[in-house]
Number of protein chains: 2
Amino acid sequence: MSSASASEPETGEILPDWVRPIVKESLSERAYRELRVALMRGQLRPDTRLRLRPMSARFGISATPMREALLRLVSEKALALDARGSVVVPRLALDQLLEIRAIRTDLEGRAAAAAIASPVAEIDALEAIHAQIAQCHARRDFARAVNLNTEFHLSLCRLGRMPILSEIVELLWVRCGPILSHLYDDGVPDWEPHPHRRIIDALRRGNSDAARDAVREDIERGGSGLFAHVRASPAG
Amino acid sequence: MSSASASEPETGEILPDWVRPIVKESLSERAYRELRVALMRGQLRPDTRLRLRPMSARFGISATPMREALLRLVSEKALALDARGSVVVPRLALDQLLEIRAIRTDLEGRAAAAAIASPVAEIDALEAIHAQIAQCHARRDFARAVNLNTEFHLSLCRLGRMPILSEIVELLWVRCGPILSHLYDDGVPDWEPHPHRRIIDALRRGNSDAARDAVREDIERGGSGLFAHVRASPAG
DNA sequence: GTATGTAATTTGTTATAACAAACATCGCGC
DNA sequence: GCGCGATGTTTGTTATAACAAATTACATAC
């Protein structure tokens, strides 16, 4: 992340970096965030029912904030409502997966093209993430590799400094979370040279077209492992 | 809209078109939808505070579902929370407006390219909307013209048959709603030939590249009237 | 008039209770 | 064993109350 001082109120004094504004977080928000990362990490399987009262008991909060957290994720389509009104982890259809891939092609491609102006330190950080991915592949820790891959893509998006775009892309990744865990069921193929390398090289060379193309190739290849784990028809 | 029968449960019998499944709508959802269209129509001005209890009184519901509706719009960034935790209509910054325009260029462009496969009847419907826009311009009813323009773009997106993409674009239009009303403060320029015409022609010819380019030109021209009504710096 | 302190109101947040509908359980009859 | 009905539980939904923090109103002092 970049320094938060840009949007901080002016105090007239230089404060140490670790002095951050204390964000008061409501119970509803905490539950929301915890559920969201669980989804993105693939820790919730499709068709899992998240019943209101058991959930609020697990979180140690009452039904009201729990419901708010669940409904918020429903409105992001990260969760869904079944016929009864119960919250369930949705099952992604093939159509939807293809559509998300197409949208990501556009948006992550644009973010990558915009990211060529990034300071070297941030590109280094991106490369460090990919280095970790390579390590995980070497020791066949596919679960961690998939999560790091998510982090790679979201970090790349943030480099583009388009907050609204980043937020949309993140939403798409959250929606894919529940099936991402399937990616390492069969093991993940290891390309040589990895598309991530081409992305990083393009960023360093400042070539926006190359960056966009590299991202698009990465997205096209990367998602294909998911198709086997997805139904052809939407819902029902 | 297209026929809903595709996702309906199989009854084994042919039902009349007007037989639609009764959707039970919670109070929270109704308040949410009403507020949402009010936003999209530009009926809520930036910086308006939407206090919880007065709002629930106006809607004739209790605080719980009202709060859910408001928080849902907050999570879509169609509304925002101020320092006190009150819900306010956000003020769009120039950065954000430019970013939204860029994203719309990608997404609406893709939708238009995908829409070339649409049946003629639906293209006709799109053209009918533009005809209404032209009429509104003639009688200088700019308020209605702006709302119809929104409808034109969202209808075009739906023609692309990419539901997730449509939903994202709709979100962006909701976020722009509160400043869209400013568009007709100064009157809206009338281009000849109007970019909408080029879009429709491209759809009829089945030329996806032309459709995409026409949409992009429309977006570039159309948004420029907003810049005067937007602040350069984000928030504070 | 201005400042200040206090009381009253209003704010967002959370917990709890009440309600109807859906679901599950169990027992009974055959 | 199988169907069926009564019953008890659990579900989502909504309203209400309690709480603290913030805001406003107002009276008092200077």
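Chain naming here is simple, since letters A, B, ... match the order of the sequence lines and numbering starts at 1 in each.
What separates CD of A:Glu68 from C1' of D:dT14 is a distance of 13 Å, to the nearest Å. If you measure from atom CG of A:Leu50 to atom C1' of D:dT10, you get 16 Å, rounded to the nearest angstrom. Regarding A:Leu27, its CG atom lies at a distance of 17 Å from the P atom of D:dC19, rounded to whole Å. For B:Arg51 and C:dT10, the CZ to P distance is 10 Å, given to the nearest whole Å. Between the CZ atom of B:Arg30 and the P atom of D:dT14 there is a distance of 9 Å, given to the nearest Å. The distance from atom CD of B:Glu29 to atom P of D:dT13 is 8 Å, rounded to the nearest whole Å. For the pair B:Tyr32 OH and D:dT13 C1', the computed distance is 19 Å after rounding to whole Å. Spacing between atom CE of B:Met55 and atom P of C:dG12 amounts to 10 Å, rounded to whole angstrom units.
A residue-by-residue look at A:Pro54 and B:Ala63 shows that A:Pro54 has its nearest nucleotide of DNA chain D further toward the 5' end.
Using a 4.5 Å heavy-atom threshold, the side chains of B:Arg216 and B:Arg104 count as separate. Looking only at side-chain heavy atoms (C-beta outward), A:Arg51 and A:Met55 stay at 4.5 Å or farther from each other.
Closest contact between the side chain of B:Ser28 and the listed nucleotides D:dT11, D:dT13, D:dT14 involves D:dT14. The side chain of B:Arg53 has C:dG12 as its nearest neighbour among C:dG12, D:dT11, C:dT16.
Contact annotation: A:Ser62 side-chain N/O to C:dT16 OP1/OP2 distance is not under 4.0 Å. Taking side-chain N and O atoms only, B:Arg84 has a distance below 4.0 Å to OP1 or OP2 of D:dT23.
The pair A:Glu68-B:Arg67 meets the salt-bridge criterion, with a side-chain N (NZ, NE, NH1 or NH2) lying under 4.0 Å from an Asp/Glu carboxylate O. Between A:Glu170 and A:Arg36 there is a salt bridge, since a side-chain N of the basic residue sits under 4.0 Å from a carboxylate O of the acidic one.
Within a 6.0 Å radius of CZ in B:Arg30, other residues, nucleotides and ligands contribute 12 heavy atoms or fewer.
For A:Thr64 against C:dT16, a side-chain N or O and a base N or O form a donor-acceptor pair under 3.5 Å.
Base contact: A:Leu52 has a heavy atom under 4.0 Å from a base atom.
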